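What follows is a set of notes on a single structure, which appears directly below.
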Amino acid sequence: MSILIINIKELIQVRENNVTIVKGPDMKTLPTIKNAYLIIEHDTIVEYGPMSDYVDYQAEEVIDAKGKMVLPAWCDSHTHIVYAGDRSQEFVDRINGLSYEEIAERGGGILNSAEVLQNTSEEDLYQQSLKRLNRVMQLGTGAVEIKSGYGLTVEAELKMLRVIKRLKKESLATIKTTLLAAHAVPKEFKDNKKGFVDLVVAEMIPEVAQSKLADYIDVFCEKGYFDLEDTERILTAGKEYGLIPKIHVNQFNAFGGVALAVKHKALSVDHLEEMRAEDIEALKNSTTMPVALPSCSYFLSIPYSPARQIIDAGLPLALATDYNPGSTPSGNMNFVVSTACIKLRMTPEEAMNAATINGAYAMGISNQYGSICRGKKANLIITKEIESYNNLPYAFGDNLIDKVIISGKVLD
Ligand SMILES: [Zn+2]
């Protein structure tokens, strides 16, 4: 199968060399080619350039992109897309004035999602999750990280991870899997958190790793959830089994989780709504990607990650959705990119770098995804006719996508 796209108004995020991360002031640059063409063979970008250099090529499918732009598909490095049911009732309860604590006391929150998931069949869970995945692909996401964490028992976590494995096999999207073993303390361990961490370390991690069901290990490092000591135990155990850390940290409180993650060579630290100077310092000279999740801040009305401070300190930044039933029931990366510009004061160039190449880095796949480069995978967005790429974040809430190509196939 081959596809030729001609008359592209602007080909966005073109990286001649295989760049795998963009940091600090470089994030303000988004390299493009105006009036361009691009050729895909099978699932790979094989050639591109200005139309003036185009030599006749016989493709099986030709797309005339006159007036339209082409960019790499979004790389969403933080989601909880596999879940059962939803928590729309809690959403309404919150509007009517109930606090999180009150909702939790009524059996809401993560424990609610866990109970529903435990009582949902694997087939049903797969079908519900597949629908969400297909929907975000239509919105331009080509690679996605999916976490477990609504199981809270060895058995239910394995069920979630098998569903992710099946999605990986059946879908055109590229999927990376994270074992979020310590997402919340289950009811049975209410007064024995240490006992739950023991279970995670002694049973869950070895079982998951031996079944090769996860690439990464995650912990919700937060007051009232898992502290630094718990986090350290879990990351250390995960690493012994080859699971690289990618953790939830600094969402409501900053107490040293970022430095701990860096010490354990975490691939990413995610959330970062609360950042102290020492957290930024800890990330300098590290290989850890900071990840902001602006849709979560929007939905919960909590502070936004200080993207300016992070980028202006010379650090990279990635953007992801945090798609989950409780705090971000949306997997729309277009909204994330808009919100990053509007609320985090990122330029469109910074936001698009953060949502493509740096998002790919935060999944460990930026050598193959996240930019237009010969030999990279053909995951692309073709926009509708737009004036400039600034329209993508500017026209927030609008869908400016005409076509999505994932693994070299045009989605229906
Ligand atoms: Zn999350």
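Every value quoted in this text rests on a predicted model; they were computed, and no experiment measured them. Counting starts at 1 for both ligands and their atoms, in listed order. For the numbers below, each heavy atom of this structure counts, side chains included, while hydrogens, waters and symmetry mates do not.
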Handout entry: Metal proximity, Asp270 vs the Zn ion (ligand 1), N/O/S cut-off 2.8 Å
Key = no

Exercise for the section: Starting from the Zn ion (ligand 1), look over the N/O/S atoms of Asp322 and name the nearest one. Expected result: OD1

Exercise for the section: Return the name of the atom in His248, of element N, O or S, nearest to the Zn ion (ligand 1). Expected result: NE2

Problem - Vertex the Zn ion (ligand 1), arms to His80 NE2 and His78 NE2, rounded to 10° - result: 100°

Problem - Residue pairs fulfilling side chain to side chain donor-acceptor pair (under 3.5 Å) with at least one residue in residues 287-306, sequence neighbours excluded - result: none

Problem - Among Asp322, Thr328, Asn324, Thr321, the one residue meeting side chain to side chain donor-acceptor pair (under 3.5 Å) with His78 - result: Asp322

Practice task
Look at the N, O or S atoms of His271, main chain and side chain alike, and state whether any lies under 2.8 Å from the Zn ion (ligand 1).
Solution key: no

Practice task
Kindly assign one of parallel, tilted or perpendicular to the pair His80 and His248, based on the angle between their ring planes and the thresholds 30° and 60°.
Solution key: tilted

Exercise for the section: Check the angle between the aromatic planes of Tyr83 and Tyr323 and answer parallel, tilted or perpendicular using the 30° and 60° thresholds. Expected result: perpendicular

Problem - Test side-chain contact (heavy atoms from CB on, under 4.5 Å) applied to Lys246 and Leu179, Leu267, Val219, the passing residue - result: Leu267

Handout entry: Contact check: Cys296 to the Zn ion (ligand 1), N/O/S below 2.8 Å
Key = no

